Amino acid sequence: MSVGITYVLVGNKDLQHLENSVSILKSYVPNIDVKIYHDYDFNSDALNSLNVRFRKYKRERYSTREENRNSSLWRLISLQESEHDVTLYLDNDIYIVHPGFFKGFEIAKNFGTCMVQNPRMFIKTLERDMGDLDRGADVLPYDHNFLKNMPEYMTSYNMGVTFSTKDDIAFIEELIKEQKENPSRGQAGLYRTIWKTKKAPYCLPINWLVCKKHCGIERPLSLHVGHPNVYDWWKKEFKR
């Protein structure tokens with residue numbers, strides 16, 4: 001089984017996190033193929049020393065939240081373009097902290113697209129106060145109207161960790177279509193695709209991407225260090 005990992009850099013604000021993330025990743029699996037999508041010219045001695053590939057893309061222009069929407073789109077395109085049997089997309093500010101994380105490739109091989117449960121837990125709620133669509137940035141009236149018949153309390157996802165297989169690429173392609181035709185919050189596009197296709201990714205437990213809400217959880221596999229307290233907690237509790 002051929003496997004690879006992709007990242008998407010939009011601008012340069014996450015470059016330091018990206019360098020750290022790839023360095024940690026390579027400490028577990030030195031020879032794994034890593035391909036970094038980027039929209040501007042830059043030079044990183046740290047990344048060059050880690051034997052990664054680069055693919056420059058042209059940023060799409062949007063009237064609002066341009067960086068977020070490009071990230072949401074190009075992460076999917078990076079999976080679509082991958083030549084590997086199973087490909088993992090990682091957000092730049094995710095640090096892998098346990099070798100069990102790499103079992104995700106085997107899980108995806110059996111079940112297709114896999115994503116981690118969102119800390120918000122639900123897509124939407126009756127109270128409209130805690131679901132990902134209830135509280136997420138850049139959710140549009142179009143999203144709410146499209147999903148008006150979707151039952152409340154369905155499982156929500158965090159797309160920062162996405163495993164994808166060639167066998168299940170049709171789901172990713174449908175998601176790309178949604179993002180291109182009706183760009184909004186990436187996860188809103190995901191929920192529209194789920195509702196339209198009646199197919200959902202295999203859901204990985206929150207241990208796979210620990211955000212600030214779940215500091216204290218047993219057996220973290222990766223950390224969302226864009227929330228600084230998450231990395232501080234892990235270093236205190238697990239790094240001896």
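This one's a predicted model, so the numbers in the text were calculated from it and none came from an experiment.
- Side chains of Asn43 and Asn48: a donor on one and an acceptor on the other come within 3.5 Å.
- Under the 4.5 Å side-chain heavy-atom criterion for grouping Ile, Leu, Val, Met, Phe, Trp and Tyr, Leu15 is not connected to Tyr57 through any hydrophobic cluster.
- The salt bridge (charged side-chain N to carboxylate O under 4.0 Å, His left out) search around Arg53 returns Asp33, Glu83, not counting sequence neighbours.
- Side-chain contact check for Leu25 versus Val34: some heavy-atom pair is nearer than 4.5 Å.
- Taken together through direct or relayed side-chain contacts under 4.5 Å among Ile, Leu, Val, Met, Phe, Trp and Tyr, Leu126 and Trp195 form parts of separate hydrophobic clusters.
- Between the side chain of Asp143 and the backbone N or O of Ser184 there is no donor-acceptor pair closer than 3.5 Å.
- Taking the centre and axis of the six-membered ring of Tyr231, the NZ or CZ atom of Lys235 falls inside the cone set by 45° and 6.0 Å.
- For Phe171, the ring-ring contact (aromatic ring centres under 6.0 Å, His included) criterion is met by no residue, not counting sequence neighbours.
- Salt bridge present: Lys196 and Glu178 bring a charged side-chain N and a carboxylate O closer than 4.0 Å.
- A distance of 9.0 Å separates CG in Asn207 from CZ in Arg219, rounded to the nearest 0.5 Å.
- Remark: Tyr202 engages Phe111 in a ring-ring contact (aromatic ring centres under 6.0 Å, His included) (not counting sequence neighbours).
- Side chain of Asn158 to main chain of Gly160: a donor-acceptor pair is present (N/O by atom type, distance under 3.5 Å, no hydrogens or angles).
- Phe102 and Tyr28 have their aromatic ring centers within a separation under 6.0 angstrom.
- The line from NE2 of His84 to CD of Glu81 is 12.5 Å long, rounded to the nearest 0.5 Å.
- When all heavy atoms of Ile176 and Leu76 are compared, the pair lying nearest together is CG1-CB, 3.5 Å.
- Side-chain contact annotation: Asn92 with Tyr7, donor-acceptor N/O pair under 3.5 Å absent.
- Proximity of the aromatic rings of Trp208 and Phe101 is defined here by a centroid distance below 6.0 angstrom, and this criterion is met.
- Ion pairing of Asp138 with Arg185 is absent here, as no side-chain N (NZ or NE/NH1/NH2) approaches a carboxylate O to less than 4.0 Å.
- Legend: residues meeting salt bridge (charged side-chain N to carboxylate O under 4.0 Å, His left out) with Lys103, ordered by chain and number and at least two apart, are Glu106.
- Linking ILVMFWY residues whenever their side-chain heavy atoms come closer than 4.5 Å, directly or via other members, leaves Leu47 and Val8 in distinct clusters.
- Tyr153 places no side-chain N or O within 3.5 Å of a backbone atom of Met121 that could act as its donor or acceptor partner.
- Taking the six-membered ring for Trp and thresholds of 30 and 60 degrees, Trp234 and Phe238 have nearly parallel ring planes, at less than 30 degrees apart.
- Hydrophobic clustering, with ILVMFWY side chains joined whenever heavy atoms are under 4.5 angstrom apart, groups Ile123 together with Tyr157.
- Judged purely by atom type and a 3.5 angstrom limit, Ser222 has no side-chain atom pairing as donor or acceptor with the backbone of Tyr95.
- For Asn229, the CG atom is densely surrounded, since the number of other residues' heavy atoms within 6.0 Å is greater than 12.
- Side-chain atoms of Tyr191 and Asp132 include a donor-acceptor pair closer than 3.5 Å.
- Checked against Pro220 for a side chain to side chain contact (heavy atoms under 4.5 Å, CB included), the options Ile96, Leu209, Val210, Ile206 give a single hit: Val210.
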- Applying side chain to side chain contact (heavy atoms under 4.5 Å, CB included), run through Val97 and Leu221 and close with a yes or a no. CA-CA 5 Å; Val97 294; Leu221 302 184; 5.7 Å; no
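- A distance of 13.5 Å separates CD1 of Ile94 from CG of Asn20, quoted to the nearest 0.5 Å.
- Of the inter-residue distances, the one linking Cys211 atom SG with Gln117 atom CD reads 11.0 Å to the nearest 0.5 angstrom.
- With a 6.0 Å radius and a threshold of 12 heavy atoms from other residues, nucleotides or ligands, Arg55 has its CZ atom above the threshold.
- The main-chain N or O of Pro141 is never found under 3.5 Å from a side-chain atom of Asn145 such that the two would form a donor-acceptor pair.
- The two residues Asp93 and Gly226 have their closest heavy-atom pair at OD2-CA, 3.3 Å.
- Here the shortest heavy-atom pairing between Lys26 and Asn31 reads NZ-C, 4.4 Å.
- Of the possible polar contacts, none joining the Ser21 side chain to the His17 backbone as a donor-acceptor pair under 3.5 Å is found.
- Remark: side-chain polar atoms of Ser82 are not paired, donor with acceptor, to backbone N or O of Leu79 under 3.5 angstrom.
- With a 4.5 Å cut-off on side-chain heavy atoms, Gln187 and Ser156 do not count as touching.
- For the residue pair Gly11 and Tyr40, the shortest heavy atom distance occurs at O-CE2, 2.8 Å.
- Counting heavy atoms from C-beta on, the side chains of Phe54 and Lys35 never come closer than 4.5 Å.
- Although no hydrogens or angles enter the test, the distance criterion places no donor-acceptor pair under 3.5 Å between the side chain of Ser23 and the main chain of Glu19.
- For Tyr37, there are no ring-ring contact (aromatic ring centres under 6.0 Å, His included) partners two or more places apart in sequence or in a different chain.
- Looking at Arg135, its side chain never comes within 3.5 Å of a backbone N or O of Gly131 through a donor-acceptor pair.
- When all heavy atoms of Lys199 and Asp168 are compared, the pair lying nearest together is CE-OD1, 2.9 Å.
- Checked for salt-bridge contact, Arg69 and Glu60 miss the test: no charged N lies under 4.0 Å from a carboxylate O.
- Scanning all heavy atoms of the two residues, the minimum distance from Tyr89 to Ser71 falls at OH-OG, 4.0 Å.
- Rounding to the nearest 0.5 Å gives a distance of 13.0 Å between CD of Glu237 and CD1 of Ile217.
- The residues Asp134 and Arg128 are annotated as not salt-bridged, no charged nitrogen and carboxylate oxygen being separated by less than 4.0 angstrom.
- Residues satisfying the side chain to side chain donor-acceptor pair (under 3.5 Å) criterion with Asp41, sequence neighbours excluded, are Lys56.
- In terms of modelled atom types and a separation under 3.5 Å, the side chain of Arg192 and the main chain of Asn182 share a donor-acceptor contact.
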- Message: Run Arg120 and Met130 through side chain to side chain contact (heavy atoms under 4.5 Å, CB included) and show every step you take.
- Response: CA-CA 6 Å; Arg120 289 175 179 155; Met130 62 176 289; over 6 Å; no
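- Taking 4.5 Å as the limit, every side-chain heavy atom of Leu73 sits out of range of all side-chain heavy atoms of Pro183.
- The side-chain heavy atoms of Val3 and Thr87, taken from C-beta on, include no pair separated by under 4.5 Å.
- The CD1 atom of Ile194 sits 9.5 Å away from the CG atom of Leu147 when rounded to the nearest 0.5 Å.
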- Tell me, with the steps shown, if Thr165 and Asp85 meet side chain to side chain contact (heavy atoms under 4.5 Å, CB included). CA-CA 6 Å; Thr165 69; Asp85 297 320; over 6 Å; no
- Message: What verdict does the side chain to side chain contact (heavy atoms under 4.5 Å, CB included) test give for Val52 and Val22, after you've listed the backbone C-alpha separation in whole Å, the side-chain angles of each residue and the deciding distance to 0.1 Å?
- Response: CA-CA 9 Å; Val52 301; Val22 177; 3.8 Å; yes
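- Residue Val86 is grouped with residue Val116 when hydrophobic side chains (ILVMFWY) are merged at heavy-atom distances under 4.5 angstrom, including chains of intermediate members.
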